[in-house]
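For the single chain, residues carry numbers from 1 onward in sequence order.
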Amino acid sequence: MVGRIVAIDNFRYRHLYKEKTGFFGFFECIEDYGAAECLLSAVRDWLNQRGLDRMIGPTNFTTNDESGIMIEGFDTPPSLGIPYTHRAYPEFLERFGLTKLKDILAWALDVSRPMPDRMQRIARRIETRGTFQIRRVNLDAYEKEKEALKEVFLSSSFQGYGELPWTEEEYYAIADEFRPLTVPDLFLIVEEHGKPVALCFSLPDYGPILSGMRGPFALIKGMRFKRLSRSIDRLRSFSFQLHRSYQGRGIETFLYNEMARTAKRLGYRENIILALENYPINRHIRELGGRLEKRLRLYQHPAKTSSQTEMN
């Protein structure tokens, strides 16, 4: 075996965007372009047989899952939930004829760094008014919390063209998946009169530890996982959601300020945040002094023409 790939015909995407577009994901191969070419050709041919003349990837399985090939940041440690792919992959994909669709940026934020004065004023103003309160998640009532937060998550997760809105089934699946890993102090909820309007969910960044649990001594390393976890000084923020009706009111600044204070109190040094390059949040991250740590790329083949872009 020299490689693998998955061809994906996403019916929801085709129905939403009225495009003859398919996807590929779970791409892995040895460092040999011939292997990559065979895999990508197989996907292209399979999609073409189904009437799909364009492909996007890698996405595993949708844009709501892990996506992209790493093109920058090979000198940085792995992070939880961020693909850490082979250096040769960008060259293989581009040689095949794939071109950039969009980039995904992984930022490192120093949680001990004070927020800019402008953002501090916004956070203080919201805190002084007392309309919004921040609390941590209640794991003893997790099922109830899950239902209360569903509307916040689903209303804010869809950012625009090319992405798929999360379904209720996907939301429940990811909520159940992360339940055993949840650290209550790192799952913060903003409420207005007892109603959730925003949330911030982070985990210790287990990436470097998990990446080291390979090879002949993986079992022994796994037994040391709990002890090794105590040395983690980086967070990985997975979800920063604001109900669509409450966006643009500074609540995100209020929430980030509390998250940073909590992270610092717990002994964390940095926070890793993932965002598509066209997300407005990148402007706030830069203002907070964010350092670009990794860049991942979603590819397409063939590229959309200007007339197709205007139609969409």
Side-chain angles (χ1 to χ4, degrees), residues 1-10 13-14 17 19-107 159-164 207 211 214 272 274-279 282 292-312:
M1 186 178 295
V2 297
R4 73 168 186 206
I5 200 165
V6 174
I8 304 161
D9 181 0
N10 191 308
Y13 184 95
R14 285 203 280 125
Y17 292 109
E19 291 181 357
K20 296 179 179 180
T21 297
F23 297 82
F24 70 93
F26 301 94
F27 173 72
E28 295 279 356
C29 74
I30 62 172
E31 194 174 350
D32 186 299
Y33 175 69
E37 184 180 29
C38 286
L39 294 168
L40 294 166
S41 296
V43 168
R44 181 194 58 200
D45 294 345
W46 187 86
L47 294 174
N48 287 345
Q49 290 169 12
R50 300 176 72 87
L52 306 176
D53 55 16
R54 180 168 173 256
M55 68 178 183
I56 292 175
T59 65
N60 312 336
F61 282 98
T62 77
T63 51
N64 295 332
D65 301 304
E66 287 187 10
S67 301
I69 292 287
M70 197 161 87
I71 62 170
E72 294 177 15
F74 295 100
D75 57 341
T76 63
S79 284
L80 191 64
I82 299 178
Y84 203 98
T85 51
H86 200 285
R87 291 174 180 266
Y89 289 176
E91 179 189 348
F92 289 170
L93 268 59
E94 290 166 17
R95 185 173 170 184
F96 186 78
L98 290 152
T99 57
K100 172 187 172 181
L101 175 63
K102 61 179 72 175
D103 283 354
I104 306 165
L105 311 178
W107 297 93
Q159 299 285 337
Y161 175 76
E163 299 178 52
L164 283 173
S211 69
R214 300 175 182 175
I272 307 302
L274 202 63
L276 281 168
E277 61 182 346
N278 60 330
Y279 278 12
N282 290 298
L292 186 59
E293 183 171 279
K294 296 180 182 68
R295 182 184 296 267
L296 299 101
R297 181 158 293 172
L298 268 174
Y299 284 88
Q300 61 180 345
H301 178 73
K304 297 192 79 168
T305 64
S306 58
S307 59
Q308 286 176 312
T309 304
E310 290 169 5
M311 288 174 62
N312 291 300

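Listed here is the closest heavy atom pair of Glu277 and Leu105: CA-CD1, 4.0 Å. Residue Leu101 comes nearest to Arg54 through the heavy atom pair CD1-NH2, 3.7 Å, listed as atom of the first residue, atom of the second, then distance. Residues Met55 and Leu47 approach most closely at CB-CD1, 3.5 Å, considering heavy atoms. When all heavy atoms of His301 and Gly97 are compared, the pair lying nearest together is ND1-O, 3.2 Å. The heavy-atom pair separating Tyr89 from Cys29 by the smallest distance is OH-N, 3.0 Å. Summarising the geometry of Ser67 relative to Pro83, their closest heavy-atom pair is O-CG, 3.7 Å, with the distance given to 0.1 Å.
Judged purely by atom type and a 3.5 angstrom limit, Asn60 uses its side chain to pair as donor or acceptor with the backbone of Phe26. Panel note: side chain Thr85, backbone Met70; a donor-acceptor pair is recorded below 3.5 Å. Panel note: side chain Lys294, backbone Pro77; a donor-acceptor pair is recorded below 3.5 Å.
Interatomic distance, Thr76 OG1 to Tyr84 OH, rounded to the nearest 0.5 Å: 5.0 Å. Rounding to the nearest 0.5 angstrom, the gap separating the OG1 atom in Thr63 from the CZ atom in Phe23 is 6.5 Å. Interatomic distance, Thr21 OG1 to Tyr13 OH, rounded to the nearest 0.5 Å: 5.0 Å.
The side-chain heavy atoms of Thr99 and Gln300, taken from C-beta on, include a pair separated by under 4.5 Å. At a threshold of 4.5 Å between non-hydrogen side-chain atoms, the residues Asp9 and Leu52 count as touching. Between Val43 and Phe27, every side-chain heavy-atom pair lies at or beyond the 4.5 Å cut-off. Taking the side chain as every heavy atom from C-beta outward, Asn10 and Phe61 never approach each other to under 4.5 Å. Contact check for Glu163 versus Leu276: side-chain heavy atoms found under the 4.5 Å cut-off.
Heavy-atom neighbours of Lys20 NZ from other residues, nucleotides or ligands within 6.0 Å: at or below the threshold of 12.
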- Task: Mind running side-chain contact (heavy atoms from CB on, under 4.5 Å) on Asn282 and Trp107 for me, showing each step along the way?
- Result: CA-CA 9 Å; Asn282 290 298; Trp107 297 93; 2.8 Å; yes
- side-chain contact (heavy atoms from CB on, under 4.5 Å) between Ile56 and Tyr299, worked out: CA-CA 6 Å; Ile56 292 175; Tyr299 284 88; over 6 Å; no
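With sequence neighbours excluded, no residue satisfies side-chain hydrogen bond (donor to acceptor under 3.5 Å, both in side chains) with Arg95. Every side chain to side chain contact (heavy atoms under 4.5 Å, CB included) that Ala88 has, sequence neighbours left out, goes to Glu31, His86, Phe92. For Asp103, the side-chain hydrogen bond (donor to acceptor under 3.5 Å, both in side chains) partners two or more places apart in sequence, or in a different chain, are Arg295, Arg297.
Screening Leu298, Leu98, Leu93, Leu296 for a side-chain contact (heavy atoms from CB on, under 4.5 Å) involving Ile69 leaves a single residue, Leu93.
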